[in-house]
Amino acid sequence: AEMSEAEDNDILELDSETEDGDVEMTLMADVGEFQHLYRFFLAEFNGNPDSLFFNDGKRRIDFVLVYEDESKNASEKKGSQRRREFFEGSLMNLGVELEATQSVMDEKLVYVKVHMPFEVLCTYAEVLHIKLPIQPNDLAQQSSAYNCFTRHFYPSEDVIAKEPDFFTAPFRKDQLKCFCVKDREQFFTPAVRSRMAYYILSRAPYDVKGSVKKFGISKLLDGGVYKAAYPLHDSRFNVKSKEPDCPNERFLLYNEWAHPKSFYKMQPLDLIRKYFGEKIGIYFAWLGFYTVMLTLAAAVGLGCFIYGYTTRESSTWSKEVCDPQIGGEIIMCPQCDEICLYWRLNTTCESSKVSQTHTNPQPLLWRIVGFVTLFLEFWKRYQAELEHDWDTVEFLQQEEQLRPEYEAKCVYERVNPVTQEKEKVPHTACGKCMRVSCGISTVLFWVLLIIASVVGVIVYRLAMFITFSAKLRTDLKYTKELEPFKEYVTPQMATSITASIISLIIIMILNNVYEKVAIWITDFELPRTKTEYENSLTLKMFLFQFVNYYSSCFYIAFFKGKVVGYPGRPVYWFGAFRNEECDPGGCLTELTTQLSIIMTGKAVWNNIQEVLLPWVKNLIFRHCTQVGSEKVIPRWEQDYQLQPIGKLGLFYEYLEMVIQFGFVTLFVASFPLAPLLALFNNLCEIRVDAWKFTTQSRRVVPEKAQDIGAWQPILQGVAILAVATNAAIIAFTSDMIPRLVYYWAISVSPHSDGSNHTMTGFINSSLSVFNIADFNGNSSPIVDTPYWFNNITTCRYRDFRNPPGHPNQYEYSIHYWHVIAAKLAFMIVVEHIVYFTKFMLSYMIPDVPEALKEQIKRERYLTQLKVELCLTVLKILLKINSPREKINGIFTSRT
């Protein structure tokens, strides 16, 4: 049965040149023979909803494939049927056993159950260098004070038994007798069996034409040949399985980990790793460790906030702003051209008090830097312990295989620089350079697009500030319901809130679009392994997200209000929009507003995506596929109703947390409550992710992982940048340096008559004088002046400039240069001290504990002795008893 050209193009295919044209021809049986094999394995459901085995009750189901039966759907193309039958025939030729069962709920669906016999498992365990136990670990386990404290919060060992500890070695089929094989069916865990099954499914061919081979379950899924492929959960999440030997690990994980009642418990990481694989386990280990370390930063941030809040009424500059005799007598210049009014300084009394929560950010800087450094360094130590406990220390060098998409495109030859042997690669050096250049240019284009969107939001801010300045005060004054809010809702605040909401909407839209672009670029680059693929995608996505989420915050923190000119000569954007100024209390309050809206909006949106959408989809699916209550639904159909985990798996979970880490560290000097909000979010995030994986999603394909990958250097880069950003916020955005300069230099002689250092008079010192007669035609107010504006010739504005009548009027005063010098000195000194402290802490805290190093050496030594002894015994037995049956008899009797 030959396919037409149109049928051949209805699916994305993996093509590769084979060494010999007839290598795969053994798989080319005709369609009729495949149909015969398929019908031979078709079986009726045996009525046991908890069964994880074929109908014979002996062969374990390692994977499930789902497709729609063509005989039930006349529109199904014959090309898909041919590919599927060829693919299943390929699996059987590789030693895999299949059993197909028609759906109980939908007669059009067929479930193909995949079983890997012990011999096949042994073969691929050796190919994948899977480490398996050779003898129990009799070394004493070391404990720490932290473990002694946290052990009270772990689930009881009567509920979740402690995993036995073994010495392990990479599996070799010819050395099977060296390994602890008590029960062949239990020797390979279900997670390991599923991992090996997926490895075969990813490489089994589904079509061969001459020298072109097409293979891989992923492409069959993309083309609709199969509707789903997944390993089975071992039970329902809320009901124990009735199977006698079922471990009910999903049920235990839900009750002891994902259920809200277990929010205070430590995570059962060993069971998570055993059930979901090392990759999921290392994510939850990192998330839990990050959450525990956040408590330190949250406590410091909360302390700083409480101190600022309790002292807001007693601070000298707040008193001066709110005092009718001081702030009430200071007339401020209009903040926009023509339509803005003169205003009294004491109208910003409430915003001045709010800004006092950021008056003392330097202790927060030191403690947050300590938190970041300790978090990263102690995580390395904890990660090293997990690598040892989970046998992933040498994973990258030994186990990771090539991506099927990479293997399929290997058509060029090159000499391997390590082995000096010829190997196949998918592109030449020039082709690789072209692909990378294309990727870089595309990323830069999107970064420029984000910057353009930020400029658009800035223009919105400039335009809306004029509108709010003209109408907001009037609307609040004549609307009785809004009268109590007129002291709080200033034009700056209204502009900031609306601009922040618009920024959040733009961020979410650009995220969804760029996600598809980043995946396309990474696919085009064709990375060699899955780790390289994820690292490449991680760098692209984080660079984009960094600019997308943080650009508006960087603008407010470091650019807004910095180049505004003075009332008679303001600075304009595009010659039309007057550059916006900060509130007299500074830009920190506005930066806090921006951060709180983006952080909160992002958290809410992510929870909607992670919790609400999967739950609604599963609910709709169950409603649309309802069956009579008399029907029993098998385990594989129950899992099919759940939502699949995306191809990128944990990528978005890591991205969400790393972006949050940036908010917590980069701008914490302006928003001391950010760590506390992050802590509350993470406490929910752990349980939400656990709930999603155990109740709403199909079981993920277990994967090995040594560490958190490219996220580790990204976190370190963010930590280094956080020192610079927070020092710059304290120096250039907050009023801390001008206040210190005034307190130590300006408030005493020769600049003042007083002899004692004081903050009295700081507000008056920080405001320059402008003669309203010097307004030009464009910037002069044309609206009616307030009733209290009688015979006033000057107004004040926020800057350090010479007064009118001075030989250099409106130029920067000597006070300005003193402040600038102090800011630069603070920035340089603090940066160097903090960086030195950070790197000293990094040097003093080793990445791998010394005790763990010794334990690893000891285990390697004992493992080597065990393997050598086993090999020696095998050689002796082979010499004495040449027949293989006698050798097996001796081993059996000795065991």
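Keep in mind the model is a prediction, meaning the values are calculated, not measured.
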Heavy-atom distance under 4.5 Å between the side chains of [X] and [Y], does that happen here?
X: Gln716; Y: Leu376; value: yes
X: Arg798; Y: Leu767; value: yes
X: Ile458; Y: Ser552; value: no
X: Pro738; Y: Lys823; value: yes

### Message
Below 30° counts as parallel, above 60° as perpendicular, anything between as tilted: where do the rings of Tyr342 and Phe775 land?
### Response
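The arrangement is perpendicular - the two ring planes meet at more than 60°.
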
### Task
Could you check whether the rings of Phe546 and Phe542 sit parallel, tilted or perpendicular, using 30° and 60° as the cut-offs?
tilted

Approximate separation, where rounding is to 0.5 Å, of [X] [atom1] and [Y] [atom2]:
X: Asn726; Y: Thr733; atom1: CG; atom2: OG1; answer: 10.5 Å
X: Ile507; Y: Tyr550; atom1: CD1; atom2: OH; answer: 10.0 Å
X: Leu824; Y: Met827; atom1: CG; atom2: CE; answer: 9.0 Å
X: Ile763; Y: Arg739; atom1: CD1; atom2: CZ; answer: 7.0 Å
X: Gln594; Y: Ser500; atom1: CD; atom2: OG; answer: 3.5 Å
X: Thr592; Y: Ile597; atom1: OG1; atom2: CD1; answer: 11.0 Å

Between [X] and [Y] (side chain of the first, backbone of the second, donor and acceptor by atom type, cut-off under 3.5 Å), is there such a pair?
X: Arg801; Y: Val769; value: no
X: Thr794; Y: Phe770; value: no
X: Ser768; Y: Asp799; value: yes
X: Thr593; Y: Thr589; value: yes
X: Ser765; Y: Gly761; value: no
X: Trp343; Y: Pro334; value: no
X: Arg796; Y: Ile330; value: no
X: Ser318; Y: Ser315; value: no

Sequence-distant partners of [X], side chain to side chain contact (heavy atoms under 4.5 Å, CB included), two or more places apart:
X: Ala603; result: Asn681
X: Asn771; result: Ala773, Asp774, Pro804, Tyr810
X: Leu504; result: Met508
X: Glu811; result: Asn802, Asn808

### Option from Thr347, Ile326, Thr348 for which side-chain contact (heavy atoms from CB on, under 4.5 Å) with Val321 holds
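When side-chain contact (heavy atoms from CB on, under 4.5 Å) is applied between Val321 and each of Thr347, Ile326, Thr348, only Thr348 qualifies.
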
### Task
Please report the C-alpha distance between Tyr460 and Thr498 in whole Å, then the side-chain angles of each, then the deciding distance to 0.1 Å, and finally whether the side chain to side chain contact (heavy atoms under 4.5 Å, CB included) criterion is met.
CA-CA 10 Å; Tyr460 164 84; Thr498 56; 3.0 Å; yes

Compare every heavy atom of [Y] with every heavy atom of [X], then report the nearest pair and how far apart it is.
X: Pro675; Y: Val664; result: CG-CG1, 3.9 Å
X: Asn511; Y: Phe544; result: OD1-CE2, 3.4 Å
X: Ile792; Y: Ile331; result: CD1-CG1, 3.8 Å
X: Ala728; Y: Phe558; result: CB-CE2, 3.4 Å
X: Ile659; Y: Gln545; result: CD1-CB, 3.6 Å
X: Leu591; Y: Ser670; result: CD2-OG, 3.2 Å

### Query
Taking it one step at a time, do Leu588 and Ile729 satisfy side chain to side chain contact (heavy atoms under 4.5 Å, CB included)?
CA-CA 8 Å; Leu588 281 184; Ile729 287 173; 3.7 Å; yes

Tell me every residue that passes ring-ring contact (aromatic ring centres under 6.0 Å, His included) with [X], counting only those two or more places apart in sequence or in another chain.
X: Tyr816; value: Tyr812
X: Phe800; value: His815
X: His832; value: none
X: Tyr835; value: none

#### Entry: Greater than 12 external heavy atoms within 6.0 Å of Phe680's CZ
no

Does the side chain of [X] come under 3.5 Å of the side chain of [Y] through a donor N or O and an acceptor N or O?
X: Asp323; Y: Asn346; result: no
X: Gln335; Y: Tyr797; result: no
X: Asn548; Y: Tyr514; result: no

### Query
Among pairs that include at least one residue of residues 729-748, which meet ring pair (Phe, Tyr, Trp, His ring centres under 6.0 Å), considering only residues two or more places apart or in two chains?
Tyr742-Phe762, Tyr743-His757, Trp744-His757

### Query
Going through the checks in order, is the side chain to side chain contact (heavy atoms under 4.5 Å, CB included) test met by Met736 and Phe826?
CA-CA 11 Å; Met736 193 191 80; Phe826 173 85; 3.8 Å; yes

### Task
Check whether the ring centres of Phe663 and Phe671 lie less than 6.0 Å apart, and answer yes or no.
no

#### Entry: Phe554-Phe667 aromatic ring centre distance below 6.0 Å
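That pair passes the under 6.0 Å test.
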
### Message
Run Tyr549 and Gln660 through side chain to side chain donor-acceptor pair (under 3.5 Å) and show every step you take.
### Response
CA-CA 10 Å; Tyr549 276 106; Gln660 181 207 86; over 6 Å; no

Using residues 568-576 as the side-chain source, report each donor-acceptor pair under 3.5 Å to any protein atom, sequence neighbours left out, with the distance given to one decimal.
| unit_1 | atom_1 | unit_2 | atom_2 | d |
| --- | --- | --- | --- | --- |
| Tyr572 | OH | Asp337 | OD2 | 2.6 |
| Trp573 | NE1 | Asn579 | OD1 | 3.2 |

### Message
For Cys553, give me all partners under disulfide (SG to SG under 2.5 Å), at least two apart in sequence or on another chain.
### Response
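Disulfide (SG to SG under 2.5 Å) list for Cys553, sorted by chain: empty.
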
### Task
Could you give me the CA-CA distance, side-chain angles and deciding distance for Asn606 and Glu685, then say whether side chain to side chain donor-acceptor pair (under 3.5 Å) is met?
CA-CA 10 Å; Asn606 287 335; Glu685 183 73 19; over 6 Å; no

### Message
My understanding is that only residues two or more places apart in sequence, or in another chain, count here; which of them pass salt bridge (charged side-chain N to carboxylate O under 4.0 Å, His left out) with Lys540?
### Response
Glu525

#### Entry: Salt bridge Lys560-Glu580, side-chain N to carboxylate O under 4.0 Å
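Glu580 and Lys560: salt-bridged.
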
